[in-house]
Amino acid sequence: MKRKIQLSFVIASLIIVLYSFTTTTNSWDANVDKPLKEWLDDHFTLLDRQLADLEAGVARMKNNKAIPALIRQFKKSRYTYKKLEVISATVDSYNAKWINGPNLPKVEYEKTMAAVSEPEGFQVIEEELYGDEVLENKDFILKKIQKLRFYLKESHQYIQSQTLYDWLVFHSLRMAAVRLATLGITGFDCPVSLDAIEEARHTLRGIWEVTELFNTLLYDDREGYVMVRNAVNNGDIILNSVKNFDALDRARFIKECTDPIFRGVTWMQESLGTDFPEERIVGLSVVNPFSKGLFYDDFLKVNEFFPQKTNKKPNADLVALGKTLFYDPVLSDDHSRSCASCHQPGKGFTDGLKTPMSLDGKPLKRNTPTLLNVVYQNAFQWDGHLTSLSQQFTEVTLNRHEMNKDALELTRQLNSSEEYRQMFKKALGSEVIDFPMVIAALEAYMMSLKSLNSPFDLYMTDRGQVSADVIQGFNVFMGKAKCATCHFAPVFNGSVPPFFRETEFEVLGVPSEAVWQKATVDPDEGRYTLAHAEPHKFAFKTMTVRNAALTAPYMHNGVYQTLDEVIRFYDLGGGHGIGIQLPNQTLPPDPLKLTEKEKKALVAFMSALTDTTGLTTPPARLPRLSGEYSWLNARRN
């Protein structure tokens, strides 16, 4: 079974390595550094011994009768790792991707070049042990176990060389809660065995054992500690109440277990007076430690997705200016279209077309994606060839097929307007308008297009109710249907938790036409065109499913008109299920075998992710231009 490609850019780990772990400051306490390292030593040693036993068992294997025992030994090692992961995956996120990354090639890009690395770690071994040719692949499995032990040894040595400051431990515990909610209970880490319930139990044990190290330090202010303890107990109760992977109520688990763990850890940190470096160091974390949980609209810090810029939130004047520009056809060469022409607010900031039309009336290549929540990602356009909103606006504005606007002509037109000059002065301090100022304003407006207060969000944050179908749909989305292993909560796009510093790309096998047998793949090769990296042939960015009820048609080529068709495509196993044979399809090719009730529940859930409140009203009017451009005052937004 094939799984998703996860890019190996580990920005979060680099930031931590370069700034946090190598610091020699004494301003941060390290109260649990010694006992935690002893705990880590014990678990790393145990895990290596378990893997050595697995290696010996594979080496001795003479026939398939040994496979059940090997799987049991493999699971034991996974359970130990799940406890270790609570700390190790955050402190050493670089090695973590080799220890427990998806069983797919990893692709790194440097401009027009790409480096492809073979996958390593637990998930590779799992797929082999659960496959049909275990004995035949014995040498390969042995090699992968040996590589896994190597990466674990590297991680162990690296972590032991660091000072485990209290703030870092608390940060790791919060990331562990997020990882459990978004990856652990979805089966992301165990796509073949689907042993997520038992693995989640061990993650909770790891969280509690590390939390317990702070017990004697808290004295009278123990509210956070008690909250974590109760949340772990609640999680155990929920996990123990289900018989299998599909039966888990993931909505309840998040509300009663992982969110309270996240909050409780922060309260513990505040009780000890421990620093929050992520609050004052730009780029350290996009997750807000003071949020109440995964589905609160402040969980992800919008401005942290742009660490190269200021840590300050764009001011209201700049947002208002960007909104006005967004609706102004002065941004196009013939003044016939604005940004809002193709990103129509009433259609979820899409256009309702299979693909948009060029300025000369010809269909363009790819479907118009929504701009709602567009800031919560690290790659732009369907193939991800742009890495910032400013790049995206620049490209679209200058592109001869889209806006075809000369930057100098645009600024001349804007500078002719007294109203625009005053708006720019108020927002940016200068009434002499240049092109970068235009882009900055549009970018600020995009940052304001947050759509995180849907009916489902209100339910998950105890501010509203949804139907039983919606809750079932969420649980199917996060479980049996495997949607959440690509569309990651809470934005349900390709931003990979718990650090949200990577954007995923998938090879789905999207057809050129909506047929269900003997289909042919759409000829657009997607991300492959950037550097001809074979694993990314026909790969496209994972888009958000928030507001999906408004954004039809779907897929990069707009081939499907309804959510029912999209679900049918995935249920059949993607392109593989309709006759398209791609060697690098990242979507599991096995049919999901969803019931009709489950399919309807999925549609109900995605419909409950709709939220455009306060985002669809256009400006009352556009600023007037003057002089030779006064004839443009008849333009409409």
Side-chain angles (χ1 to χ4, degrees), residues 1-4 186-187 191 194 245-246 348 350 352-355 366-367 369-370 382 456 467 469-488 492-494 504-524 526 538-582 584-610:
M1 181 188 298
K2 294 185 178 180
R3 283 286 310 275
K4 307 170 307 311
T186 67
L194 293 181
F245 175 79
D246 293 343
T350 63
L353 301 174
K354 184 175 181 179
T355 61
R366 295 170 182 168
N367 180 259
T370 181
W382 279 98
F456 182 74
S467 69
D469 283 347
V470 171
I471 298 172
Q472 181 191 15
F474 172 72
N475 287 322
V476 173
F477 188 96
M478 296 284 283
K480 181 179 178 180
K482 302 182 180 180
C483 310
T485 62
C486 297
H487 296 275
F488 303 107
F492 298 110
N493 66 358
E504 276 208 345
F505 298 83
E506 305 294 339
V507 180
L508 306 176
V510 175
S512 56
E513 297 179 62
V515 297
W516 304 103
Q517 292 181 353
K518 299 180 180 180
T520 56
V521 69
D522 185 270
D524 187 343
F538 304 111
F540 294 90
K541 185 175 67 175
T542 301
M543 296 294 184
T544 180
V545 299
R546 283 183 176 270
N547 299 291
L550 303 175
T551 60
Y554 307 100
M555 315 308 262
H556 72 272
N557 58 354
V559 68
Y560 295 130
Q561 294 295 318
T562 67
L563 286 174
D564 292 323
E565 287 183 312
V566 174
I567 291 170
R568 182 181 181 185
F569 171 77
Y570 283 104
D571 187 41
L572 291 171
H576 185 272
I578 57 176
I580 296 172
Q581 303 300 316
L582 297 179
N584 60 327
Q585 180 174 310
T586 57
L587 182 71
D590 312 284
L592 297 171
K593 299 180 180 179
L594 299 173
T595 66
E596 288 304 312
K597 183 178 180 181
E598 288 169 336
K599 293 176 184 177
K600 290 179 180 178
L602 280 172
V603 173
F605 163 63
M606 286 186 278
S607 298
L609 289 175
T610 304

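Index from 1, following the sequence.
Expressed to the nearest 0.5 Å, how far CG of Leu602 lies from SG of Cys483 amounts to 5.5 Å. One distance of note links CG of Leu563 with CE of Met606; it measures 5.0 Å at 0.5 Å rounding. Separation of atoms CD (Glu598) and CD (Glu596) is listed at 10.0 Å; rounding is to 0.5 Å. For the atom pair NZ of Lys480 and CG of Leu194, the computed distance is 11.5 Å after rounding to the nearest 0.5 Å.
Taking the side chain as every heavy atom from C-beta outward, Val521 and Leu582 approach each other to under 4.5 Å. Using a 4.5 Å heavy-atom cutoff, the side chains of Phe540 and Val510 are not in contact. Between Gln472 and Phe605 there is no side-chain heavy-atom pair separated by less than 4.5 Å. At a threshold of 4.5 Å between non-hydrogen side-chain atoms, the residues His487 and Asn493 do not count as touching. Proximity of Glu565 to Trp516: side-chain heavy atoms (C-beta onward) are separated by under 4.5 Å at one or more points.
Residues passing the side chain to side chain donor-acceptor pair (under 3.5 Å) test with Ser467, sequence neighbours excluded: none.
Judged by distance alone, with hydrogens and angles left aside, the side-chain atoms of Gln585 form a donor-acceptor pair with the main-chain N or O of Leu587 at under 3.5 Å.
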Please tabulate, for the side chains in residues 547-557, all donor-acceptor contacts under 3.5 angstrom to protein atoms that are two or more places apart in sequence or on a different chain.
| unit_1 | atom_1 | unit_2 | atom_2 | d |
| --- | --- | --- | --- | --- |
| Asn547 | OD1 | Asp611 | N | 2.8 |
| Asn547 | ND2 | Ser451 | OG | 2.9 |
| Thr551 | OG1 | Ala548 | O | 3.4 |
| Tyr554 | OH | Ala548 | O | 2.6 |
| His556 | NE2 | Asp522 | OD1 | 3.2 |
| Asn557 | OD1 | Val559 | N | 3.3 |
| Asn557 | ND2 | Pro511 | O | 2.9 |
| Asn557 | ND2 | Asp522 | OD2 | 2.9 |

Only distances under 3.5 Å count here; give the side-chain donor-acceptor pairs of residues 566-579 to other protein atoms, sequence neighbours excluded, each with its distance to 0.1 Å.
| unit_1 | atom_1 | unit_2 | atom_2 | d |
| --- | --- | --- | --- | --- |
| Asp571 | OD1 | Lys593 | N | 3.0 |
| Asp571 | OD1 | Leu594 | N | 3.0 |
| Asp571 | OD2 | Lys599 | NZ | 3.4 |

### Task
Please assess Phe477 against Thr186 for the test side-chain contact (heavy atoms from CB on, under 4.5 Å), listing each intermediate value before the final yes or no.
CA-CA 9 Å; Phe477 188 96; Thr186 67; over 6 Å; no
### Message
Working note: Ser512 + Thr520, criterion side chain to side chain donor-acceptor pair (under 3.5 Å); need CA distance, chi angles, decisive distance, verdict.
### Response
CA-CA 6 Å; Ser512 56; Thr520 56; 3.1 Å; yes
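The two atoms that bring Ala484 and Met478 nearest to each other are CB-SD, 3.3 Å, heavy atoms only. Residues Val507 and Ala539 share a closest heavy-atom pair of CG2-CB, 3.7 Å. Residue Met543 comes nearest to Pro369 through the heavy atom pair CE-CB, 3.9 Å, listed as atom of the first residue, atom of the second, then distance.
Heavy-atom neighbours of Gln581 CD from other residues, nucleotides or ligands within 6.0 Å: above the threshold of 12.
Under 4.0 Å is where a charged nitrogen must lie from a carboxylate oxygen, and between Asp524 and Arg366 at least one such pair does.
For the residue pair Glu506/Thr586, the side-chain donor-acceptor check at 3.5 Å is satisfied.
The aromatic ring centres of Phe505 and Phe538 sit 6.0 Å or more apart.
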